[in-house]
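Here the structure comes first, spelled out in structure tokens, and everything after it is commentary.
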Protein chains: 2
Amino acid sequence: MSQPAFAETSSVPIQFVSRSRQRAEAPPALTTVCSSCHLKDLCLPCGMSAPTVERLDGLHFGRRRVKAGQPLYRAGESFQAIYAVRSGTFKSTLGATDGREQVTGFAMAGELMGLDGLAQGRHPSTAVALEDAEICAIPYDHLMELSADSGELQRAVGRLMSREIVREHSLMMLLGSMNAEERLAAFLLNVSQRMKARGWSATEFHLRMSRAEIGSYLGMKLETVSRTFSAFVQQRLLEVDKRHIRILDLEALTRTFEGRLQ
Amino acid sequence: MSQPAFAETSSVPIQFVSRSRQRAEAPPALTTVCSSCHLKDLCLPCGMSAPTVERLDGLHFGRRRVKAGQPLYRAGESFQAIYAVRSGTFKSTLGATDGREQVTGFAMAGELMGLDGLAQGRHPSTAVALEDAEICAIPYDHLMELSADSGELQRAVGRLMSREIVREHSLMMLLGSMNAEERLAAFLLNVSQRMKARGWSATEFHLRMSRAEIGSYLGMKLETVSRTFSAFVQQRLLEVDKRHIRILDLEALTRTFEGRLQ
DNA sequence: CGCGACTTTGAACACCATCAAACCCGGTGG
DNA sequence: CCACCGGGTTTGATGGTGTTCAAAGTCGCG
């Protein structure tokens, strides 16, 4: 574990811009307030009352761009902030000492990353952008200070962490008891729902990750992922053109793994 | 994995403090204070300063016995409290609508359960005692109130949840990329470490769970678990008599899955 | 154009699941 | 006392699913 902390991580330093400064002089592009963010119903403020969201505006979010293929943070780095995806897609990976690594999740706009770093004060995982992306860095200390004053905020943060646990539970279920078709169906339906929640089509979308990354996430080899896609095409459940997916029969796809999840 | 250093078990006797504020319907439930609990270095108070632990004493823990085979809580029940195991062993399971269920974890003395219920306000999983057991019920509302006053406590709770996320990450790695021998070796070494942290032998112990439960947890069938045990016996890594395990060669067992985890 | 990264498809094989039988052990009841 | 039962475990034989190895196709890009 020889991880030079910030050496190669980012060319662009995170900028923490206070809200007053922002009003006064800072370029508006670099700071954000939750209350006027278009992602507020998906992201950190989800489910909070308006006054509480305004409280969040006091947070000094730093915005940062991350180029495709670049890491947002790496395993071993000290934990300072959690991250909210503004645009783009990320993968989180856990590395083994023998070089193998496994994808533990994909994050889309409005989703949070880095909650796992809190346990040890260092990130155990690495987050890499799958396309050019933009994030909000939410300083954890500051978030804790704020939530000490607000029960609602405190609870919301707890719920977010709990939701992450629940998410991983379903993934364990998937990895522990589903076959290849069920796994891929579950994955596609999950992506479909998340696309829909973001106002995109639930039945036609572009995957940002490679077959190998999907396979790593689902616990199967890239060849098996590819074969399973082909099988779905043959069954007329999907149309697939490389990473472009069109779901032809959502119900049948759902039936493929019905009763297996939740 | 995260193993807090083990401190003296024998010394401090458990103190039960009866409280005047007790609900009418409640049985003469005993309450417990964290500061004098023999599990305090493993459990909720782990890593907290003495003053903060004393703050925790203000929590009205309910103690409860759970008989072998009985549920502590069931999927679907409303979430009120998180639970700390005082004695005994539990399994957490996630059920599928088709009746299949999967074990998502085992909890031993000092470990917490139920954190996943916070997300939706109901427990998504069921916790069942594998032997006669005793737990502390930690009312979540009350815990939140307390932690609003104490940054340290607030952080500790956050760390606990994060640790759960990290734990599940390792399990995903296991389920996603290990073969049968690696999985069982990882499981046995994990149990071994947890036994050791509780002052028991790291090399000889009694498993509380069946082959089927181990299999469910590790994503394999009970027959495969059994065969893998036999293979380890043949390799002179273990002695196995039903659920009684003696590890003969800890290093070799470690080598079996070296580099795969973390 | 040609290279590299990614994807698809085929063929053979390995590993684990499945089905089946036997065993062990404690508990119950004739 | 023994027979019987049920739950859990072990072991064998067989087959299926997904992996592995290999080759060829596609696409973007310098």
Side-chain angles (χ1 to χ4, degrees), chain A residues 67-70 89 91 100-103 128-132 174-188 206-235 238-246 256-257 260, chain B residues 68-69 89 91 100 102-103 128 130-132 174-188 206-235 238-246 256-257 260:
Chain A
K67 291 240 168 170
Q70 295 301 306
T89 310
K91 66 170 175 181
R100 286 197 292 184
E101 67 173 26
Q102 170 144 358
V103 173
V128 173
L130 296 178
E131 57 186 324
D132 289 356
L174 181 147
L175 291 169
S177 67
M178 291 187 187
N179 66 24
E181 293 205 349
E182 289 166 346
R183 291 178 195 207
L184 190 61
F187 172 72
L188 290 172
H206 192 79
L207 296 173
R208 275 26 238 230
M209 62 292 285
S210 69
R211 299 291 188 259
E213 284 159 342
I214 296 173
S216 171
Y217 181 61
L218 298 178
M220 44 207 258
K221 298 289 137 169
L222 69 96
E223 294 96 328
T224 308
V225 174
S226 180
R227 275 183 238 278
T228 310
F229 268 120
S230 301
F232 283 164
V233 170
Q234 209 119 28
Q235 298 169 239
L238 300 180
E239 279 176 13
V240 176
D241 179 24
K242 298 275 175 285
R243 300 188 180 184
H244 192 90
I245 308 292
R246 185 202 303 232
T256 300
F257 86 117
R260 309 300 166 98
Chain B
T89 311
K91 67 170 175 181
R100 283 198 293 183
Q102 170 146 359
V103 174
V128 172
L130 296 179
E131 57 185 326
D132 289 357
L174 180 147
L175 290 169
S177 67
M178 292 187 187
N179 66 24
E181 294 206 347
E182 290 165 347
R183 289 178 197 208
L184 190 61
F187 172 72
L188 290 173
H206 192 79
L207 296 174
R208 277 24 238 230
M209 60 294 284
S210 70
R211 300 289 189 261
E213 285 159 343
I214 296 172
S216 172
Y217 181 62
L218 298 178
M220 47 207 255
K221 298 290 136 172
L222 70 96
E223 295 96 327
T224 308
V225 175
S226 180
R227 273 183 239 278
T228 310
F229 268 120
S230 302
F232 283 164
V233 170
Q234 208 120 29
Q235 296 169 240
L238 299 181
E239 278 175 14
V240 177
D241 178 25
K242 299 271 176 286
R243 298 189 179 182
H244 192 89
I245 307 293
R246 185 201 304 232
T256 300
F257 86 117
R260 309 298 166 98

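Every chain is numbered from 1 and lettered A, B, ... according to where its sequence line falls, protein lines coming before strand lines. Side-chain atoms are counted along with the backbone in the values below, which use heavy atoms only and exclude waters and symmetry mates.
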Q: Take F187(A) and I214(A) through the side-chain contact (heavy atoms from CB on, under 4.5 Å) test and state the conclusion after the steps.
A: CA-CA 9 Å; F187(A) 172 72; I214(A) 296 173; 3.9 Å; yes
Q. Does T224(B) offer a backbone N or O that forms a donor-acceptor pair with the side chain of T228(B) under 3.5 Å?
A. yes
Q.
Using a 4.0 Å heavy-atom cut-off, does R243(A) contact any base of the nucleic acid, only the sugar-phosphate backbone, or nothing at all?
A. sugar-phosphate
Q.
So if I apply the side-chain contact (heavy atoms from CB on, under 4.5 Å) rule between R208(A) and each of E131(A), R243(A), E213(A), which one comes out positive?
A. E131(A)
(Q) For a 4.5 angstrom cut-off between non-hydrogen side-chain atoms, does V240(A) reach F232(A)? (A) no
**Q.** Spacing of D241(A) atom CG relative to dT8(C) atom C1', expressed in whole Å
**A.** 12 Å
Q.
Is the shortest side-chain heavy-atom distance between F229(A) and I245(A) below 4.5 Å?
A. yes
Q.
Tell me the interatomic distance from L184(A), atom CG, to dT8(C), atom P, rounded to whole angstroms.
A. 11 Å
Q) Please give, in whole Å, the distance from dC6(C) C1' to H206(A) NE2? A) 12 Å
(Q) Tell me if a side-chain donor or acceptor on D132(B) pairs with a main-chain N or O of A68(B) at a distance below 3.5 Å. (A) yes
Q: Walking along DNA chain D from 5' to 3', note the first and the last nucleotide with an atom under 4.0 Å from a heavy atom of chain A, and give both.
A: dG18(D) to dC21(D)
**Q.** Euclidean distance, atom CZ of residue R183(B) to atom P of dC16(C) [Å, nearest integer]
**A.** 8 Å
Q) What is the distance from NE2 of H244(A) to C1' of dT7(C), rounded to the nearest Å? A) 17 Å
Q.
Measure CG/L218(B) against P/dA17(C) and give the value in whole Å, please.
A. 11 Å
Q.
Between S216(B) (side chain only) and A212(B) (backbone N and O only), is there a donor and an acceptor less than 3.5 Å apart?
A. no
Q: Scan R227(A), R183(A), R211(A) and name whichever one has a side-chain contact (heavy atoms from CB on, under 4.5 Å) with M220(A).
A: R183(A)
**Q.** Near-strand residues of residues 221-229 of chain B, defined as heavy-atom separation under 4.0 angstrom from DNA chain C
**A.** K221(B), E223(B), T224(B), R227(B)
